[in-house]
Amino acid sequence: MIITKFMAFMIDIRKDNYMNISEAASIHGLTPSTLRYYEKQGLLPPINRDASGNRDYSVEDINWIGFVKCMRDSGLSVEALARYTALYQMGDDTLVERKQLLIFEYEKLRQKQQQINDTVFKLKGKINHYEANIQNYQANVLQ
């Protein structure tokens, strides 16, 4: 997810352009404990900390969180995202491997999408069947 102008405005309210864990989590509808979990599992690059040891999230961190949330919402595994994050942190030497990982996950999602489309089609047919049965039943009861 790309930060919208409105979100960027909200981020710019703080002079230092960093936000705490609660602010960072709320942008994507997450909880602070979810962000801590993502960080512990390696889904997020290392997050800077302030002098008191509190996490300080940058705009780049917020964008990364949006990417992770999108991928998790779509069903990508924690392991796949952790691997992707680790590869990303290794730099451009891993471009090909990152692309291969994303292609593999993309294909899995396309298969899942087809399964969902098939199920939606079957459910729609079943609903239409019930609508016809209800109409027939009501027509027979009213006679």
Side-chain angles (χ1 to χ4, degrees), residues 1-139 141:
M1 174 181 162
I2 297 173
I3 292 182
T4 66
K5 288 181 183 179
F6 176 72
M7 288 178 185
F9 172 75
M10 290 173 51
I11 292 168
D12 286 339
I13 289 174
R14 290 193 46 199
K15 270 192 329 192
D16 56 8
N17 287 328
Y18 286 89
M19 59 187 68
N20 65 37
I21 194 167
S22 295
E23 294 166 328
S26 70
I27 285 181
H28 294 294
L30 299 170
T31 63
S33 61
T34 299
L35 290 187
R36 286 185 204 98
Y37 172 77
Y38 283 176
E39 187 176 357
K40 184 177 180 182
Q41 296 302 313
L43 306 186
L44 304 177
I47 304 298
N48 290 325
R49 296 190 180 246
D50 65 16
S52 301
N54 298 315
R55 291 168 180 84
D56 255 347
Y57 292 87
S58 68
V59 173
E60 292 80 17
D61 297 329
I62 300 303
N63 285 332
W64 193 270
I65 292 165
F67 169 75
V68 169
K69 182 180 186 311
C70 177
M71 296 300 108
R72 289 291 297 140
D73 288 349
S74 298
L76 264 70
S77 69
V78 169
E79 295 79 13
L81 282 169
R83 178 70 181 143
Y84 180 82
T85 302
L87 290 169
Y88 180 83
Q89 292 175 15
M90 291 178 200
D92 288 347
D93 289 343
T94 65
L95 286 170
V96 171
E97 193 173 350
R98 280 186 272 161
K99 180 184 174 191
Q100 290 170 339
L101 189 145
L102 292 176
I103 289 170
F104 178 76
E105 294 299 329
Y106 172 81
E107 291 302 326
K108 284 178 25 182
L109 282 175
R110 293 286 295 167
Q111 290 173 357
K112 183 177 177 181
Q113 182 181 37
Q114 186 58 52
Q115 290 172 339
I116 290 170
N117 289 344
D118 292 346
T119 302
V120 166
F121 180 78
K122 288 176 185 175
L123 283 173
K124 183 62 177 164
K126 198 62 140 168
I127 291 167
N128 290 341
H129 174 75
Y130 274 98
E131 286 175 355
N133 285 349
I134 290 168
Q135 288 176 359
N136 288 338
Y137 174 77
Q138 289 173 340
V141 168

[atom1]/[X] to [atom2]/[Y] distance, rounded to the nearest 0.5 angstrom?
| X | Y | atom1 | atom2 | value |
| --- | --- | --- | --- | --- |
| Leu35 | Ser22 | CG | OG | 9.0 Å |
| Asp56 | Asn48 | CG | CG | 7.0 Å |
| Asn133 | Gln138 | CG | CD | 11.0 Å |
| Ile134 | His129 | CD1 | NE2 | 10.0 Å |
| Thr31 | Ile21 | OG1 | CD1 | 8.5 Å |
| Glu39 | Asp61 | CD | CG | 9.0 Å |

Could you check whether any side-chain heavy atom of [X] comes within less than 4.5 Å of a side-chain heavy atom of [Y], counting everything from C-beta outward?
| X | Y | answer |
| --- | --- | --- |
| Ile27 | Met19 | yes |
| Asn20 | Tyr57 | no |
| Asp50 | Tyr18 | no |
| Tyr84 | Phe67 | yes |
| Leu109 | Gln113 | no |
| Thr34 | Tyr38 | yes |

Is a side-chain N or O of [X] found less than 3.5 angstrom from the main chain of [Y], in a donor-acceptor match?
| X | Y | value |
| --- | --- | --- |
| Arg72 | Leu76 | yes |
| Ser26 | Gly29 | no |
| Thr94 | Glu97 | no |
| Trp64 | Val59 | no |
| Arg98 | Thr85 | no |

Residue pairs involving residues 107-129 (criterion salt bridge (charged side-chain N to carboxylate O under 4.0 Å, His left out); sequence neighbours excluded): Glu105-Lys108
Residue pair Ile62 / His28: nearest heavy atoms and the distance that separates them: O-NE2, 2.9 Å
Closest non-hydrogen atom pair between Ile65 and Ala24, with its separation: CD1-CB, 4.5 Å
